[in-house]
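Below, chains carry the letters A, B, ... as their sequence lines are ordered, and counting in each starts from 1. Side-chain atoms are counted along with the backbone in the values below, which use heavy atoms only and exclude waters and symmetry mates.
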There are 2 protein chains.
Amino acid sequence: MEKNVNTENVRAQMRKGVLEYCILLLLAKEDAYASSIITKLKEANMIVVEGTLYPLLIRQKNQGLLQYRWEESPQGPPRKYYAITDKGREQLEEMNNAWHEIVTTIENIKN
Amino acid sequence: MEKNVNTENVRAQMRKGVLEYCILLLLAKEDAYASSIITKLKEANMIVVEGTLYPLLIRQKNQGLLQYRWEESPQGPPRKYYAITDKGREQLEEMNNAWHEIVTTIENIKN
DNA sequence: AACCAATACCTTGCAAGACAAAGTACCAAA
DNA sequence: TTTGGTACTTTGTCTTGCAAGGTATTGGTT
């Protein structure tokens, strides 16, 4: 049991660095609203919670990487659909490079 | 120029999650002291500064992942050589798994 | 002896970010 | 009109990265 807690910490730590990257990757494929992003990331094993995601989306929007529009929901309150901007795609390019570099670096350290 | 600053931020963000992992990877190969760890990581493109590394080493030592011994230096003050412990190797195992999982997850999200 | 440069280690204060938890709001069906 | 489901938002706490400044040891120079 204790081991599982520890394992979760390790994974959580590593996820932090790539969260923004994952959001942009997802939104580059299709627009989405926060709750659906959480579901998608959970399916992909990348757990995020609301208290993390909402501020993050707002930050990325303020940086001009994302924009949003309101859209009615078939059930419940309207949804805030986020879409990636041109600037966001540029940033995604950078992140692709950065990610590739990190993966390479780790391989190098491992030898 | 602005782009470079941004690029650095992106890289810094991603490095964060794997720093502890890198330390354990290095120390699993051979004992080392803080300054030499900084040099090695810099060579591997994984920039760390003293204010980050010292607290991190102390944290890992307090978690029982590392231990240290003093050793005289050919020049200058004595060095604090860190060595990985059995518990540290267990943790490294976990981190290897976690890292592998993250890499796979990103690939999945990319499709 | 006094000073300096190089090498090491350590601490402080700030800022960013992850997350748990609690709160607000909308809608439809019972 | 109350309940349950969906969705968005905020607050407070804790951790962590890092710039900047500080302390200590050694060997060579003046």
Whether over 12 other heavy atoms sit under 6.0 Å from B:Lys42 NZ:
no
Here the distance between atom C1' of C:dG17 and atom CG of B:Asn9, to the nearest Å, is 14 Å
So the ring pair (Phe, Tyr, Trp, His ring centres under 6.0 Å) pairs with at least one residue in residues 22-60 of chain B (sequence neighbours excluded) are B:Tyr33-B:Tyr81
Q. Counting only heavy atoms not in A:Asp86, do more than 12 sit closer than 6.0 Å to its CG atom?
A. no
The test is side chain to side chain donor-acceptor pair (under 3.5 Å); show your working for B:Tyr68 and B:Asp31 and say whether it passes. CA-CA 9 Å; B:Tyr68 68 79; B:Asp31 301 355; over 6 Å; no
Counting primed atoms, P, OP1 and OP2 as sugar-phosphate and everything else as base, the B/S/- map of nucleotides 4-13 of chain C against protein heavy atoms under 4.0 Å is ---BSBBB--
Here the distance between atom C1' of D:dC8 and atom CG of A:Leu56, to the nearest Å, is 15 Å
A:Met14 atom CE is separated from D:dT15 atom P, nearest whole Å, by 20 Å
Here the distance between atom C1' of D:dC8 and atom CZ of A:Arg69, to the nearest Å, is 17 Å
To the nearest angstrom, the CD1-P distance between B:Ile23 and D:dT16 comes to 14 Å
Check your understanding: Take atom CD in B:Glu107; do more than 12 heavy atoms of anything else shown fall under 6.0 Å from it?
Key -> yes
To the nearest angstrom, the CD-P distance between A:Gln60 and C:dA18 comes to 10 Å
note: A:Ile38, atom CD1; D:dG5, atom C1'; distance rounded to Å ~ 15 Å
Problem - B:Leu53 and B:Ile23, any side-chain heavy atoms less than 4.5 Å apart - result: yes
Atom CG of A:Leu57 and atom P of D:dT9 are separated, to the nearest Å, by 9 Å
